[in-house]
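The structure under discussion appears below in the form of structure tokens.
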Number of protein chains: 2
Amino acid sequence: MARKTGSHSEITGPLIRQAAEELFAEHGYAAVSMRQIAAKVGVQAGALYNYTADKQSLLFDMMQAHMDDLLAAWGAEDKGQGPMDALEAFTRFHIRYHLARPKAVFIAYMELRNLTPENFQVIEDLRKTYETHLEDILQAGKDDGAFTLADTKLAAMAVIAMLTGVTTWYRDDGRLTQDRIERVYWNMVRKAVGA
Amino acid sequence: MARKTGSHSEITGPLIRQAAEELFAEHGYAAVSMRQIAAKVGVQAGALYNYTADKQSLLFDMMQAHMDDLLAAWGAEDKGQGPMDALEAFTRFHIRYHLARPKAVFIAYMELRNLTPENFQVIEDLRKTYETHLEDILQAGKDDGAFTLADTKLAAMAVIAMLTGVTTWYRDDGRLTQDRIERVYWNMVRKAVGA
DNA sequence: GCTTGATCTGAACGATTGTTCATTTATCAC
DNA sequence: GTGATAAATGAACAATCGTTCAGATCAAGC
């Protein structure tokens, strides 16, 4: 009963990635079976292997794409003039970007230990690159006296943890608009770095 | 070949909990088998069921104990005088307590979705109780003018996320002493709440 | 030294896992 | 229509899963 109506190859592939993302985010990589993913797409388990080498690739490709997109999006972002503008841009960008794709973010943080060592290193390097972008902003602001920071690296970790934390409690139908959250957080970040 | 030397019941129980904690923290609950836990203790899988009803209880009991201990420890903590002292006490306590038991903390944050709905609710309530302790401090400080906060709930989430983030990068043999980390973070928290 | 009871083994259970592959089906080009 | 090819089925694979339990083994009480 293969190929019921029309050609499926350009549709099944994305559907599989989407189903995998939703299931991984909800139950965790290790707790999700290939058969569950297939069932969500409406296909048998064997068909998945026309689109992915194995289960691990499904996870890795998804995480790598997420990190690549994140870095590209930040690269394309308008960063204004000087460290202060850049830090506000980073704060707002990070919140906005992460809230727009909660599942991918969740997976990127939770499933690191389910990557093979080689795959883990690739993702870890991308994550480190992103962190360094923030660290560079903070360092520049410290150098020109805009920020007061005891430890730039620590501050970078603190800011990222604080901002990413938003994804754990934010709800689309919640009490606060996204713009208000951005403004409140930017206020806290600004004060925390002594500006 | 049961019972090689001496009575083991008082020793095997804790060993199982410890082995489970280490394995869950390293590989995740779903990725760890009862046989792996048993092997780490040096026992057959069947023996585990003298000490736990099932795998789920192993996870739940461990998470509940962690949250109970956390709440009890904060209850016993010296909170000084007024919101400012209390916030510093909370900041330092949270960092110190969490860095002392990284595995339990990691599990408590990562394995929530592997709890049954009933078990999840119990842990979630305990987590919420802890959050409320911080929220109360911030609210008291806002009321008496010690803190400047646009949104108390948001600030509580931001502070907890920032502090808990320490566990993701801290290493015992790292660049910074624990006391220095506490001081740097307290400085950032203090400034972030406008005090 | 025998009995009792706690503790563990070792085998077994049905179910499920990721993955492979021969086969079937549907579509497209001609 | 016919042949080629892409796409999916469905059965099969060895391995592993959580859990149960009868039986073996040891320590302690009398």
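Every chain is numbered from 1, with letters handed out A, B, ... down the list of sequences.
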* Is any side-chain N of the basic residue among A:Arg17 and A:Asp61 closer than 4.0 Å to the acidic one's carboxylate O? -> no
* **Residues that A:Arg190 engages under salt bridge (charged side-chain N to carboxylate O under 4.0 Å, His left out), provided they are two or more places apart** => none
* To do: Could you tell me whether the phosphate oxygens of D:dA8, OP1 or OP2, come under 4.0 Å of any side-chain nitrogen or oxygen in A:Thr12?
  => yes
* Structure fact -> Nearest heavy-atom approach of A:Ile16 to A:Ile37 is O-CG2, 4.1 Å
* What is the distance, rounded to the nearest whole Å, between atom CG of B:Asn50 and atom C1' of D:dC21? -> 11 Å
* Minimum-distance pair of heavy atoms, taken over all atoms of B:Met188 and A:Leu154 -> CE-O, 4.3 Å
* To do: Starting from C1' on C:dC8, measure out to CD1 on B:Ile11 and report it in whole angstrom.
  => 15 Å
In a table with atom names and distances, give each donor-acceptor pair under 3.5 Å that connects a side chain of residues 97-107 of chain B to protein atoms at least two apart or in another chain.
residue  : atom : partner : partner atom : Å
B:Tyr97  : OH   : B:Asp69 : O            : 3.4
B:Tyr97  : OH   : B:Leu70 : N            : 3.3
B:His98  : ND1  : B:His94 : O            : 2.9
B:Arg101 : NH1  : B:Tyr97 : O            : 2.8

* Where protein sits on nucleotides 11-18 of chain C, one letter per nucleotide: B base, S sugar-phosphate only, - none, heavy atoms under 4.0 Å -> -B----BB
* Structure fact -> Rounded to whole Å, CG of A:Leu48 lies from C1' of D:dT9 at a distance of 12 Å
* Could you state the OH-C1' distance from B:Tyr51 to D:dT19, rounded to the nearest angstrom? -> 17 Å
* **A:Arg113: partners by side-chain hydrogen bond (donor to acceptor under 3.5 Å, both in side chains), with sequence neighbours left out** => B:Glu111
Extract all donor-acceptor atom pairs below 3.5 Å that involve side chains of residues 21-32 of chain B and protein atoms in other chains or at least two apart in sequence.
residue : atom : partner : partner atom : Å
B:Glu22 : OE1  : B:Lys40 : NZ           : 3.2
B:Glu22 : OE2  : B:Gln18 : NE2          : 3.2
B:Tyr29 : OH   : B:Gln56 : N            : 3.2

* Asked: What does the inter-axis angle of the helix from C:dG1-D:dC30 to C:dC30-D:dG1 come out as, five pairs per end, nearest 10 degrees?
  -> 10°
* Structure fact -> From CD of A:Gln44 across to P of C:dC21 the rounded distance in Å is 18 Å
* Are A:Tyr130 and A:Phe90 close enough that their ring centers fall under 6.0 Å? -> yes
